[in-house]
Enquirer: 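Have a look at this one.
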Protein chains: 2
Amino acid sequence: MEQTLTNSIQDYLKNIYELTENGESASTNALASRLNVKPASVTGMVQKLASAKPALVEYQKHQGVTLTDDGKKAALEVIRHHRLLEAWLVQTLGYTWDEVHAEAEKLEHVISEDFERRIAAAMGHPLRDPHGELIPTADLQMPLDDSTPLSSLRPGQFGKIEYVKASEAELLRYLENLGLIPGADIEVKDHSPFDHNLTIKMGRKSVVLGLNITSKIYVKES
Amino acid sequence: MEQTLTNSIQDYLKNIYELTENGESASTNALASRLNVKPASVTGMVQKLASAKPALVEYQKHQGVTLTDDGKKAALEVIRHHRLLEAWLVQTLGYTWDEVHAEAEKLEHVISEDFERRIAAAMGHPLRDPHGELIPTADLQMPLDDSTPLSSLRPGQFGKIEYVKASEAELLRYLENLGLIPGADIEVKDHSPFDHNLTIKMGRKSVVLGLNITSKIYVKES
DNA sequence: AATATATTTTAGTCAAGACTAAATATTTTG
DNA sequence: CAAAATATTTAGTCTTGACTAAAATATATT
Ligand SMILES: [Mn+2]
Ligand SMILES: [Mn+2]
Ligand SMILES: [Mn+2]
Ligand SMILES: [Mn+2]
């Protein structure tokens with residue numbers, strides 16, 4: 001019997017994907033805090049996902065979880081929905097990039113595959129969402145990401161912003177006001193080694209950004 | 001404490017509204033069959049809705065339920081969502097009138113009030129959905145319905161179809177093929193008193209329709 | 001290596017919303 | 001109008017996905 005992917009399961013898988021994108025495993029606590037749920041609840045759900053047939057996660061006590069191939073497909077399906085929806089809310093209903101996330105978070109679980117196809121086609125099969133994040137393809141492959149966090153650049157390096165990995169509206173509005181949006185060209189002017197602040201120049205403006213911002217802005221070095 | 005309107009509660013309220021539009025009360029069995037749920041489950045939910053604060057339904061054992069003013073507002077909110085969504089799926093994504101219902105059924109519960117306003121504005125505040133059904137206004141009033149069921153017309157009477165109260169895809173395609181869609185002008189040519197069949201003429205075509213169809217087509221006599 | 005701290009798991013509860021089976025009420029009919 | 005048929009309610013159960021409190025394990029610090 002095929003496991004039903006409830007909203008809750010979809011959210012777990014999506015968040016496990018996002019935590020493990022770079023190889024590490026997702027810890028109980030990290031998942032709990034992203035999902036706004038207690039760690040004990042995560043353990044329960046993770047055990048269930050691990051013993052589902054087919055299994056959706058790989059799990060060993062105290063070692064965190066990683067997605068199985070089935071789990072990854074399911075996660076990418078949700079992420080594709082989310083990012084297509086965000087793009088489409090912006091393009092057709094005039095939402096701004098700081099407004100789309102909450103709406104997409106709810107819609108992602110309920111749209112049909114037909115709806116997914118229709119909005120993708122209507123937009124000409126976009127590659128990125130309004131934050132610049134890559135949209136998984138229709139056959140559920142995540143395109144290759146050739147960017148690095150801005151926090152890894154040093155004075156003298158130049159880059160173009162590819163995406164901003166953030167959903168909090170205030171941060172997004174702050175960045176937009178500064179012109180720190182996908183496509184923007186920036187130059188790193190200064191680095192303070194102890195607090196990890198970077199001084200960034202875009203056009204004629206400069207701004208000092210802390211690590212909690214620079215680690216969320218992904219750039220392509222140029 | 002304000003009652004949370006779960007998806008399930010929203011569906012109960014919507015269906016109670018539709019069953020009681022014409023004054024009667026909604027029976028346990030009728031609700032159960034619309035909601036694809038057992039009668040015992042309906043009794044349980046209805047008792048809960050009746051003792052919610054504020055109460056959403058009026059309930060007396062074995063007498064069925066009616067909506068309170070609060071329940072009615074909540075029902076109209078869901079119906080407004082549903083019908084706006086149907087209109088919008090047709091207008092912007094090329095859905096046909098037989099495809100929209102299932103999608104709207106899921107989306108109706110998750111869109112925000114902001115989304116509702118945006119699609120209403122984008123369509124110029126439409127009055128009717130793709131089936132011709134009236135859309136409750138933004139302040140949750142149901143506009144006056146000046147139509148009657150086609151089944152109440154008799155030979156010699158003329159009418160224009162205002163709406164079709166149906167969601168089954170096959171029936172809708174059948175009617176569309178016959179040209180029996182909102183706006184169509186029809187004439188009743190014959191009535192067979194025992195089986196309630198009506199012979200309907202539209203343009204140069206004629207068709208005999210049974211009561212289970214003519215009771216779902218609402219017309220304005222002309 | 002021993003202890004303190006942080007993380008994770010277990011065990012037991014709860015609420016929502018369905019279900020079945022049995023009891024009761026209402027309606028229809030001979 | 002009483003029996004039969006139909007409709008509704010009650011009582012008890014189940015699943016999902018949370019929660020708290022307590023126990024177990026892992027990691028960090030001395
Ligand atoms: Mn988002
Ligand atoms: Mn979600
Ligand atoms: Mn509909
Ligand atoms: Mn619904």
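In what follows, chains carry the letters A, B, and so on, assigned in the order in which the sequence lines appear, proteins first and then strands, with residues in each chain numbered from 1.
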Enquirer: Starting at atom CG of B:Leu31, determine the distance to atom P of D:dT8, rounded to an integer number of angstrom.
Expert: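 B:Leu31 atom CG is separated from D:dT8 atom P by 10 Å.
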Enquirer: Just to confirm, is there a sub-4.0 Å distance from OP1 or OP2 of C:dT10 to any side-chain nitrogen or oxygen of A:Gln47?
Expert: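 Yes, because at least one side-chain N or O of A:Gln47 sits under 4.0 Å from OP1 or OP2 of C:dT10.
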Enquirer: Under 3.5 Å, side chain of A:Glu162 to main-chain N/O of A:Tyr218, donor-acceptor pair present?
Expert: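 Checking the backbone N and O of A:Tyr218 against the side chain of A:Glu162, no donor-acceptor pair under 3.5 Å is found.
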Enquirer: Round to a whole Å and report the spacing from NE2 of B:His109 to P of C:dA16.
Expert: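 My rounded result for the distance is 18 Å.
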Enquirer: Please state how far atom OH in B:Tyr59 lies from atom P in C:dA25, giving the value in whole angstrom units.
Expert: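 Distance, rounded to whole Å: 12 Å.
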Enquirer: Only one of B:His109, B:Glu108, B:Glu77, B:His81 passes side-chain contact (heavy atoms from CB on, under 4.5 Å) with B:Gln10; say which it is.
Expert: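 By the side-chain contact (heavy atoms from CB on, under 4.5 Å) criterion, B:Gln10 pairs with just one of B:His109, B:Glu108, B:Glu77, B:His81: B:His109.
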Enquirer: Please find the pair of heavy atoms, one from A:Met142 and one from A:Pro136, that lie closest to each other, and give the distance.
Expert: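 Looking at all heavy atoms of both residues, the shortest contact is CE-CG, 3.9 Å.
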Enquirer: Does a side-chain N or O of B:Asn29 approach OP1 or OP2 of D:dT6 to a distance below 4.0 Å, or not?
Expert: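 Indeed not, no polar side-chain atom of B:Asn29 lies that close.
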Enquirer: Does B:Glu221 reach the main-chain N or O of B:Gln157 with its side chain, forming a donor-acceptor pair under 3.5 Å?
Expert: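 No; judged by distance alone, with no hydrogens or angles, the pair does not exist.
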Enquirer: Between D:dT16 atom P and A:Leu35 atom CG, what is the distance in whole Å?
Expert: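 Rounded to the whole Å, the gap is 18 Å.
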Enquirer: Compare every heavy atom of B:Glu86 with every heavy atom of B:Ala104, then report the nearest pair and how far apart it is.
Expert: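 Taking every non-hydrogen atom into account, CB-CG, 3.6 Å.
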Enquirer: Distance check needed: D:dA26 P versus A:His62 NE2, whole Å only.
Expert: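 To the nearest whole Å, that distance equals 6 Å.
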Enquirer: Once you apply a heavy-atom cut-off of 4.0 Å, does A:Thr43 come out as touching a base, just sugar-phosphate, or nothing?
Expert: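 Result for A:Thr43 = base.
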Enquirer: Which residues pass the ring pair (Phe, Tyr, Trp, His ring centres under 6.0 Å) test with A:His191, not counting sequence neighbours?
Expert: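 A:His191 satisfies ring pair (Phe, Tyr, Trp, His ring centres under 6.0 Å) with no residue once adjacent residues are dropped.
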Enquirer: Reading nucleotides 17-23 of chain D from the 5' end, what letters show protein touch, with B for base, S for backbone sugar-phosphate only, - for no heavy atom under 4.0 Å?
Expert: SSBBB--
